[in-house]
Amino acid sequence: MPFTFNFGGFNPGDFGGFNGAEGQGNAGYTPPRPKKERKPRKPIGNAFTRTLINLAVTLVFGLVYFYVELPAINLHAEEFYVFAFLLCAVYCVCAVLTSGFQGEGVRGYVGFVKKQCTVPFLAFIGLIAVIAVGAISSWVVLRASSYSELLPLQSGDFTAEVEEISYDQIPMLDADSASRLGSRKLGELADMVSQFEILPSYTQINYQGRPVRVTSLAYGDLIKWFTNRSDGLPAYIVIDMVTQEAEVVRLNEGMKYTVAEHFGRNLYRHLRFQYPTMMFDEPVFEIDEDGIPYWVCSRIVKTIGLFGGTDVEGAVLVNAITGESEYYQEVPNWVDRVYSSDIIMDQYDYYGMYHNGFLNSLFGQRDVTLTTSGWNYIAINDDVYMYTGVTSVTSDQSNIGFILSNQRTKETHFYPCAGATETSAMDSAQSQVQQMRYVATFPLLLNIADQPTYFMSLKGEDGLVKMYAMVNVQQYQIVETGSTVAQCETNYRKTLANAGLIGAGDAQVNQGDVREEHGIIAEIRSAVVGGNTHYYVRMEHSLGYLDFNAAEVPRAVLLDVGDSIWYTYRLDEASFPENGIIPASDFRFEGEEKPTDDFPLETRA
């Protein structure tokens with residue numbers, strides 16, 4: 001008998017005159033519907049069949065995910081754990097669906113997983129334990145000393161170790177200006193501009209002894225990829241950082257393995273399938289000394305615990321045309337960028353923060369330093385060095401020094417030199433030409449008359465270089481500009497002499513060395529200038545022209561395309577190649593005896 005309360009005949013449905021339908025009480029009250037019984041789920045086949053189905057679905061999901069996301073199969077890679085967790089989850093979901101699971105709630109599912117999915121469940125728990133142990137073993141609080149030792153650092157004397165470089169080695173363009181020049185050059189080529197675009201990731205390298213930026217073309221869109229993929233990308237872009245000349249280098253056979261490709265020829269997928277366990281930094285585009293395009297794919301390793309101490313250990317070089325790849329523990333000398341600027345700066349920041357211990361980085365902060373917010377590159381002895389300033393963690397108004405780091409070997413030197421930050425130097429340079437509204441590029445660090453000097457280009461509103469500026473690091477009120485580098489340096493040296501920082505003998509600009517180089521003539525043009533015939537000779541793998549004045553070098557009339565010659569020239573203030581044309585003083589054919597001062601080649605013809 002049901003248990004009820006009777007309140008003396010009181011009926012809530014009759015209260016206040018509210019009655020139900022057809023005069024009955026309990027208006028608006030609907031009794032709950034009886035709960036439907038859940039239909040029993042039938043398991044699929046027997047236990048062995050269900051396991052095969054679960055494994056098959058998990059395998060298909062894993063293959064698709066691996067093909068799309070390309071995780072490294074490596075315990076040091078964070079994306080590996082995401083991949084493994086997803087595989088475990090997919091298997092468990094399949095097991096629930098194929099077993100006819102009847103449980104309810106979280107407890108029911110957890111109990112089922114423990115019983116039916118023992119292996120993936122244990123794998124899931126094991127991976128969580130590995131992550132926890134790996135994270136603790138990589139924790140900077142416990143491993144501060146190891147983090148501070150990631151970057152081997154040598155202290156040095158800047159003016160003693162860094163020589164003054166000639167004008168043909170000073171990069172005068174930043175990445176933005178180089179990109180603009182490349183886009184303009186491609187726009188001149190009607191057969192390419194309609195189908196291709198330029199990858200924005202320009203790489204600064206040393207090519208044929210000159211600083212250049214290089215990048216690959218990319219397909220305009222998916223349709224243009226489909227119509228051009230059989231031939232590949234037909235060219236790459238070279239920007240001379242000194243002459244500011246852009247060249248589209250056409251290839252006999254197109255590049256078929258790039259970051260702009262799709263499916264199997266996509267560079268990331270090509271790398272992952274060949275090296276499934278390796279972790280890679282972002283690939284960079286380079287060319288060797290013969291102009292063959294490669295992708296330099298630095299191998300990333302973790303050196304502290306499982307997830308800490310990011311470093312580089314060699315690189316995989318991928319031929320962009322053929323796709324052939326090889327891993328090098330020590331890369332060839334022509335490779336210029338193995339260590340990215342981000343890795344170098346992060347490693348120095350670890351040193352600056354923690355070389356006196358973790359607690360010191362929070363309390364006291366004795367000798368705690370950090371890199372400044374920017375960087376630049378300069379070529380020294382056929383290698384590319386990254387430059388950045390170093391400042392105290394408690395001040396952002398001045399630098400205490402700077403570092404130069406070889407991007408191929410990671411050899412890094414710290415040069416103590418108190419002075420202005422790069423930002424302050426840029427502001428000083430811009431104030432000199434404020435009426436023109438020029439914008440300064442991030443500076444380079446040069447040795448001018450044994451004075452650490454910021455050198456920067458001044459760009460107009462069109463993004464192209466208009467002038468140059470030099471700012472003394474230690475006394476950044478000393479600023480000089482010029483329309484050419486030679487003029488800028490002349491003005492700067494005079495100001496240094498007037499300030500008493502250098503002697504009168506150092507106030508003169510170095511007139512440059514007489515250089516002799518070898519090459520094969522690729523092109524000859526002639527023109528009459530001032531009544532004299534000039535022969536403009538372009539050598540193979542060169543972007544500029546040699547200017548032989550027939551009045552001074554009468555034998556220039558004998559030159560022909562294909563000749564192998566030794567030529568001499570001087571890069572001085574008067575002949576600095578602002579227009580890409582270098583006045584040449586002499587030449588001799590391959591195999592011809594080198595002349596003496598008493599008997600120059602002109603008299604021996």
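We're numbering straight along the sequence, starting at 1.
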Criterion side-chain contact (heavy atoms from CB on, under 4.5 Å) on Ser179 and Tyr202, from CA distance to verdict: CA-CA 7 Å; Ser179 178; Tyr202 281 82; 3.9 Å; yes
Verdict with reasoning, Thr159 to Asn447, per side chain to side chain donor-acceptor pair (under 3.5 Å): CA-CA 6 Å; Thr159 57; Asn447 179 3; 5.7 Å; no
CA sep, side-chain torsions, deciding dist, call: Thr453, Leu444, side-chain contact (heavy atoms from CB on, under 4.5 Å): CA-CA 8 Å; Thr453 301; Leu444 285 172; over 6 Å; no
Trace of the ring pair (Phe, Tyr, Trp, His ring centres under 6.0 Å) decision for Tyr350 with Tyr147: CA-CA 6 Å; Tyr350 283 131; Tyr147 278 95; 4.8 Å; yes
Test side chain to side chain donor-acceptor pair (under 3.5 Å) applied to Glu523 and Tyr545, step by step: CA-CA 9 Å; Glu523 180 185 1; Tyr545 288 84; 3.0 Å; yes
Criterion side chain to side chain donor-acceptor pair (under 3.5 Å) on Ser564 and His518, from CA distance to verdict: CA-CA 7 Å; Ser564 179; His518 174 265; 2.7 Å; yes
Steps toward side chain to side chain donor-acceptor pair (under 3.5 Å) verdict (Asn376, Glu422): CA-CA 11 Å; Asn376 213 329; Glu422 297 88 344; over 6 Å; no
Check against side-chain contact (heavy atoms from CB on, under 4.5 Å), Met345 and Thr388: CA-CA 8 Å; Met345 292 174 70; Thr388 188; 3.9 Å; yes
Evaluation steps, side-chain contact (heavy atoms from CB on, under 4.5 Å), between Val318 and Leu267: CA-CA 9 Å; Val318 181; Leu267 180 65; 4.0 Å; yes
Chi angles and distances behind the ring pair (Phe, Tyr, Trp, His ring centres under 6.0 Å) call for Phe158, Phe402: CA-CA 10 Å; Phe158 178 75; Phe402 41 86; 5.3 Å; yes
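Among the candidates Thr421, Thr369, Val473, the single residue satisfying the side-chain contact (heavy atoms from CB on, under 4.5 Å) test with Asn399 is Thr421. Each of Asp382, Asp383, Asp336 was scored for a side chain to side chain donor-acceptor pair (under 3.5 Å) with Arg408, with one residue passing: Asp383. Between Leu217 and the options Leu251, Thr258, Leu199, Leu186, a side-chain contact (heavy atoms from CB on, under 4.5 Å) holds for only Leu186.
Remark: Asp240 engages Arg210 in a salt bridge, criterion side-chain N to carboxylate O under 4.0 Å. Salt-bridge formation is not detected for the pair Arg299/Asp281: no Lys NZ or Arg NE/NH1/NH2 atom is positioned less than 4.0 Å from an Asp or Glu carboxylate oxygen. Under the 4.0 Å criterion applied to side-chain N and carboxylate O atoms, Glu517 and Arg588 are not assigned as salt-bridge partners.
Taken to the nearest 0.5 Å, the CE atom of Met456 stands 12.5 Å off from the CE atom of Met467. For the atom pair OG1 of Thr371 and CG of Asp349, the computed distance is 3.5 Å after rounding to the nearest 0.5 Å. Note that OH of Tyr328 is 12.5 Å distant from SG of Cys297, once rounded to the nearest 0.5 Å. The structure places CD of Gln475 at 9.0 Å from CG of Leu496, a figure rounded to the nearest 0.5 Å.
Contact detail for Leu458 and Ala469: the closest heavy-atom pair is CD1-CB, 4.1 Å. Heavy atoms only, all atoms of each residue included: Ser392 and Ile400 are closest at N-CG2, 4.4 Å. Shown here for Pro171 and Gln204, the closest heavy-atom pair between the two residues is CG-NE2, 3.6 Å. Taking both residues in full, the closest heavy atoms of Leu150 and Lys410 are given as O-NZ, 3.0 Å, listed atom of the first, atom of the second, then distance. In terms of heavy-atom proximity, Lys459 sits nearest to Ser177 at CD-OG, 2.8 Å. Ser398 and Thr391 get closest at one heavy-atom pair: O-OG1, 2.8 Å.
Remark: the backbone N or O of Thr481 is paired with a side-chain donor or acceptor of Asn491 at under 3.5 angstrom. Under the 3.5 Å distance criterion, the side-chain polar atoms of Thr412 are left unmatched by any main-chain donor or acceptor of Leu153. In this structure a side-chain-to-backbone donor-acceptor pair under 3.5 Å is present from Gln365 to Ser361. Under the 3.5 Å distance criterion, the side-chain polar atoms of Thr372 are matched with a main-chain donor or acceptor of Gly389.
Val316 places a side-chain heavy atom less than 4.5 Å from the side chain of Phe280. Put simply, the side chain of Leu559 reaches to within 4.5 Å of the side chain of Ile521, judged on heavy atoms. The closest side-chain heavy-atom distance from Val312 to Ile300 is below 4.5 Å. Gln474 is listed as a side-chain neighbour of Gln451, based on a closest heavy-atom distance under 4.5 Å. Considering only heavy atoms from C-beta on, Arg437 comes within 4.5 Å of Glu461 through its side chain. In this structure, the side chains of Leu446 and Tyr387 stay at 4.5 Å or more apart for every pair of heavy atoms. Between Asp367 and His355 there is a side-chain heavy-atom pair separated by less than 4.5 Å. The shortest distance between side-chain heavy atoms of Ile582 and Asp547 does not fall below 4.5 Å.
Side-chain N/O atoms of Tyr415 and Glu161 include a donor and acceptor closer than 3.5 Å. Asn406 and Tyr339 share no side-chain donor-acceptor pair at under 3.5 Å.
Applying the side-chain hydrogen bond (donor to acceptor under 3.5 Å, both in side chains) test to Glu480 and every residue at least two apart in sequence or in another chain returns Thr495. Applying the salt bridge (Lys or Arg N to Asp or Glu O under 4.0 Å) rule to Arg250 yields the partners Asp191; only residues at least two apart in sequence or on another chain are considered. Looking at residues two or more places apart in sequence or on another chain, you find a ring-ring contact (aromatic ring centres under 6.0 Å, His included) between Tyr236 and Phe285. Residues passing the ring-ring contact (aromatic ring centres under 6.0 Å, His included) test with Phe358 are Tyr354, sequence neighbours excluded. With sequence neighbours excluded, the residues forming a ring-ring contact (aromatic ring centres under 6.0 Å, His included) with Tyr294 are Trp334, listed by chain and number.
By the 30° and 60° cut-offs, the orientation of the rings of Phe414 relative to Tyr348 is parallel.
Counting non-hydrogen atoms of neighbouring residues, nucleotides and ligands closer than 6.0 angstrom, the CD atom of Glu163 reaches no more than 12 such neighbours. At most 12 heavy atoms of other shown residues, nucleotides or ligands fall within 6.0 angstrom of atom CD in Glu330.
In this structure, Arg555 forms a cation-pi arrangement with Phe587, its terminal cationic atom sitting closer than 6.0 Å to the ring centre and no more than 45° off the ring axis.
Residue pairs meeting the salt bridge (charged side-chain N to carboxylate O under 4.0 Å, His left out) criterion with at least one partner in residues 282-297, sequence neighbours excluded, do not occur; the list is empty.
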